[in-house]
Asker: 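Got a structure for you, written out below as structure tokens; questions coming shortly.
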Amino acid sequence: MQIQGNLIIGQQEKFGSEGHIKAINPATNTEMEPAFGLANLHDVEQACALAQAAFDTYRATTPEQRAQFLETIADEILAIGNVLIERAHSETGLPVARLEGERGRTMNQLRLFAKVVRDGHYLNATLDAALPERTPPRPDLRMRKLAVGPVAVFGASNFPLAFSVAGGDTASALAAGCPVIVKAHSAHLGTSELVGRAVQKAVARCNLPEGVFSMLVGDGRQIGQSLVSHPVIKAVGFTGSRQGGVALMRTAAQRKEPIPVYAEMSSINPVFLMPAALAEKSVGIAQAFVESLTLGSGQFCTNPGMVVALESPELQSFISAASTALAAKPGSTMLTPGIHQAYVSGTQRLSEIEGVTMLAQGQVGASACAAQAKLSSCTAQHFLATPALEDEIFGPSSLIIRCENMQEVQAVAEHLEGQLTATVHAVAADYALVKNLLPVLERKAGRILFNGFPTGVEVAHAMVHGGPFPSTSDSRSTSVGATAIDRFVRPVCYQAVPADLLPPALRDDNPWALPRIVDGELKLAV
């Protein structure tokens with residue numbers, strides 16, 4: 001399958017007229033062919049008009065039709081074959097095995113949402129029968145959730161498949177019944193075109209309106225902001241920097257009709273090491289920590305960028321083992337020259353902050369954009385007094401916070417901004433201490449995990465990949481897991497609507513066989 005450098009607008013493809021860019025191979029820091037034409041404002045207008053025209057037809061599809069569409073997208077992605085993996089590898093520097101796993105995850109997400117649509121729980125169909133004899137009488141009331149409208153999705157740099165063109169935001173929005181316009185990320189343009197074409201083919205195969213999907217390439221400030229400000233767009237999915245996410249939030253809030261922006265942004269994902277756990281297995285924890293820290297060159301939004309522990313001989317054992325493991329880690333290629341430069345600058349700034357000690361570093365990599373892993377430390381007092389120590393460094397860098405007592409551990413936890421994750425390593429002897437810490441972590445993070453590490457986000461019904469600001473823009477939502485669909489639906493109540501006009505989800509005969517709440521009681525489909 002040949003990459004053309006085209007925009008995808010419904011069932012059409014065109015080379016953008018607003019200049020062009022090329023993808024960069026980060027291993028060599030060289031441009032890749034072909035050039036990609038950049039969209040202009042007319043292209044945004046055309047994609048939005050098609051999405052608006054498609055919306056009512058697409059949201060009225062049956063659960064089975066929408067589920068089959070999602071499964072067809074997964075099939076089309078798989079059908080691309082090794083061309084997709086090879087291009088993604090060249091554009092990102094990510095290992096082939098990692099990308100093959102990510103492709104599987106992407107298809108699993110699409111199939112998960114196919115199941116979510118078929119199950120129908122997300123519709124929250126609710127029926128309250130009329131009570132004409134009551135004083136005052138109660139009318140017949142029925143409620144369901146329906147799609148909010150066309151959604152703009154911004155692909156992420158660090159997951160060229162699973163958080164990109166057909167990633168979780170797109171899958172959940174399509175599952176909800178929302179047309180999607182994707183702004184492709186410049187870090188993996190060819191990969192995006194290949195996947196975008198797969199979605200386009202699935203739209204045609206399933207006989208859906210062409211405006212169900214479009215993909216644009218263009219300047220973030222012009223094209224991205226134009227998408228978010230366009231009146232047709234009713235919600236936004238974004239994964240990226242705090243600066244970028246906040247800019248989109250401002251644009252969305254300043255519209256005549258403000259809309260929600262579901263932005264996943266900044267997180268340092270603290271790891272709390274309890275004393276008895278360290279006494280039992282400091283070396284094993286340290287080695288697993290280094291594996292998590294350096295996984296994918298540290299370019300995970302759940303990368304463990306901070307460790308919090310009591311000063312003790314056991315902590316010194318942890319540091320020694322982690323330093324040894326880190327020193328053996330080769331430098332690995334980062335996603336883009338810009339991300340690599342930001343990592344180098346960030347670690348340099350960290351090393352220059354008073355009170356910070358460099359503990360260990362990995363090997364220097366051979367590629368043009370290789371990251372050298374780094375481990376530093378400071379006291380709790382320095383951390384609490386130095387706002388710059390809270391900044392996320394995107395890459396394989398972590399800071400150990402040395403605490404004199406549990407009061408300082410609690411103070412560090414209270415001081416933290418909102419996080420995607422918080423991790424605790426503890427054994428039974430630590431539980432009394434953890435009971436005081438856990439309520440703080442519940443307020444700070446969207447996912448709390450024990451005796452593991454946060455890299456690796458399972459695509460499952462119970463998963464939460466979100467958290468208080470600035471980890472996300474809305475702590476009530478998740479971008480991974482079945483409930484990600486809730487971002488793109490809204491409730492509508494039907495009062496005394498004639499039976500012939502009710503939507504299928506609310507009819508007495510329940511033609512879609514949905515689980516429903518009827519007069520306050522859960523009724524499962526038979």
Side-chain angles (χ1 to χ4, degrees), residues 267-294 298 303-327 346-362 373-393 395-417 419 421-427 429-430 432-434 436-438 440-441 444-445 448 450-451 453-454:
S267 185
I268 53 178
N269 306 296
V271 178
F272 293 84
L273 307 179
M274 294 294 104
L278 274 183
E280 283 191 19
K281 46 187 177 181
S282 60
V283 173
I285 295 173
Q287 292 171 341
F289 160 71
V290 170
E291 292 300 316
S292 178
L293 176 67
T294 58
N303 194 53
M306 177 181 291
V307 176
V308 184
L310 293 175
E311 188 70 83
S312 67
E314 290 77 20
L315 177 57
Q316 292 304 315
S317 175
F318 170 88
I319 290 173
S320 177
S323 298
T324 299
L326 199 69
T347 54
Q348 180 63 35
R349 285 195 302 271
L350 178 64
S351 69
E352 294 169 354
I353 295 175
E354 183 180 355
V356 173
T357 301
M358 173 67 71
L359 298 175
Q361 52 189 359
K374 296 180 183 292
L375 183 63
S376 308
S377 77
C378 71
T379 66
Q381 290 301 316
H382 271 99
F383 174 75
L384 294 170
T386 312
L389 292 176
E390 298 178 63
D391 293 344
E392 178 188 22
I393 297 176
S397 172
S398 192
L399 179 67
I400 296 177
I401 311 298
R402 302 171 181 262
C403 301
E404 293 296 327
N405 49 51
M406 282 302 297
Q407 287 74 24
E408 285 193 347
V409 172
Q410 291 280 132
V412 169
E414 286 282 7
H415 186 76
L416 291 171
E417 295 183 306
Q419 305 292 328
T421 73
T423 300
V424 179
H425 281 264
V427 295
D430 295 310
L433 300 176
V434 175
N436 292 325
L437 180 63
L438 194 55
V440 181
L441 302 185
K444 297 291 183 177
I448 299 167
F450 273 66
N451 299 326
F453 287 94

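Each residue takes its place number in the sequence, starting with 1. As the structure is a computational prediction, the values presented were derived from the model and not from experiment.
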Asker: Applying salt bridge (charged side-chain N to carboxylate O under 4.0 Å, His left out), name anything that partners Glu390, two or more places apart in sequence or on another chain.
Answerer: none

Asker: Just verifying a value: how many Å separate Leu310 CG and Ile401 CD1, rounded to the nearest 0.5 Å?
Answerer: 13.0 Å

Asker: Just verifying a value: how many Å separate Thr421 OG1 and Asn303 CG, rounded to the nearest 0.5 Å?
Answerer: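 It is 9.5 Å, given to the nearest 0.5 Å.
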
Asker: Heavy atoms, side chains only, cut-off 4.5 Å: are His382 and Val356 in contact?
Answerer: no

Asker: Starting from the C-alpha separation in whole Å, work towards a yes-or-no answer on side chain to side chain contact (heavy atoms under 4.5 Å, CB included) for Lys281 and Val427.
Answerer: CA-CA 10 Å; Lys281 46 187 177 181; Val427 295; 4.2 Å; yes

Asker: Taking Ser320 for the side chain and Gln316 for the main chain, is one N or O donor matched with an acceptor at less than 3.5 Å?
Answerer: no

Asker: Would you check if Val424 and Asn451 make a side-chain contact, meaning some heavy-atom pair closer than 4.5 Å?
Answerer: no

Asker: Between Val412 and Cys403, is any pair of side-chain heavy atoms under 4.5 Å apart?
Answerer: yes

Asker: Minimum heavy-atom separation for Ser267 to Asn269, with atom names?
Answerer: OG-OD1, 2.9 Å

Asker: Could you check if a side-chain atom of Thr386 sits within less than 4.5 angstrom of a side-chain atom of Glu354, using non-hydrogen atoms only?
Answerer: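 Thr386 vs Glu354: side chains apart.
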
Asker: For Gln348, is there any backbone N or O sitting under 3.5 Å from a side-chain donor or acceptor partner on Ser351?
Answerer: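 Yes: the side chain of Ser351 pairs with the backbone of Gln348.
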
Asker: For the residue pair Leu416 and Lys444, what are the closest heavy atoms and their distance?
Answerer: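 Smallest heavy-atom distance, with atoms named: O-NZ, 2.7 Å.
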
Asker: Anything under 30° is parallel, anything over 60° is perpendicular, the rest tilted; go ahead and classify Phe289 against Phe318.
Answerer: tilted

Asker: Kindly say whether Ile285 contributes a backbone atom to a donor-acceptor pair with the side chain of Gln287 at under 3.5 angstrom?
Answerer: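 No; zero donor-acceptor contacts below 3.5 Å.
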
Asker: Taking atom types as modelled and ignoring hydrogens, do the side chains of Glu314 and Ser282 form a donor-acceptor contact shorter than 3.5 angstrom?
Answerer: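 No, Ser282 and Glu314 have no side-chain donor paired with an acceptor closer than 3.5 Å.
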
Asker: As an exercise, state the distance from CE of Met306 to OG1 of Thr423, rounded to the nearest 0.5 Å.
Answerer: 12.5 Å

Asker: CD of Glu404 to OG1 of Thr379: how many Å apart, nearest 0.5 Å?
Answerer: 8.0 Å

Asker: Hey, are the side chains of Val271 and Val308 touching, using non-hydrogen atoms and a 4.5 Å cut-off?
Answerer: no

Asker: Under the side chain to side chain contact (heavy atoms under 4.5 Å, CB included) rule, what do Leu441 and Phe272 come out as? Steps first, then yes or no, please.
Answerer: CA-CA 10 Å; Leu441 302 185; Phe272 293 84; 3.6 Å; yes

Asker: Have a look at Ser398 and tell me which of Ile268, Leu326, Leu293 forms a side chain to side chain contact (heavy atoms under 4.5 Å, CB included) with it.
Answerer: Leu293

Asker: When the ring centroid of Phe453 is compared with that of His425, is the distance short of 6.0 Å?
Answerer: yes

Asker: Once rounded to the nearest 0.5 Å, what's the spacing between atom CG of Leu389 and atom CZ of Arg349?
Answerer: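 One finds 12.0 Å between CG of Leu389 and CZ of Arg349.
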
Asker: Measuring from Leu437:CG to Asp430:CG, what's the distance to the nearest 0.5 Å?
Answerer: 11.0 Å

Asker: Do the side-chain N and O atoms of Glu408 and Gln381 include a donor-acceptor pair separated by under 3.5 angstrom?
Answerer: yes

Asker: Does Cys378 reach the side chain of Thr357, with side-chain heavy atoms less than 4.5 Å apart?
Answerer: no

Asker: Evaluate Ile400 against Leu359 for side chain to side chain contact (heavy atoms under 4.5 Å, CB included), listing each step before the verdict.
Answerer: CA-CA 9 Å; Ile400 296 177; Leu359 298 175; 3.9 Å; yes

Asker: Any heavy-atom pair between the side chains of Pro396 and Lys374 that's under 4.5 Å?
Answerer: no

Asker: Considering only heavy atoms from C-beta outward, does the side chain of Leu278 approach that of Met274 to under 4.5 Å?
Answerer: no

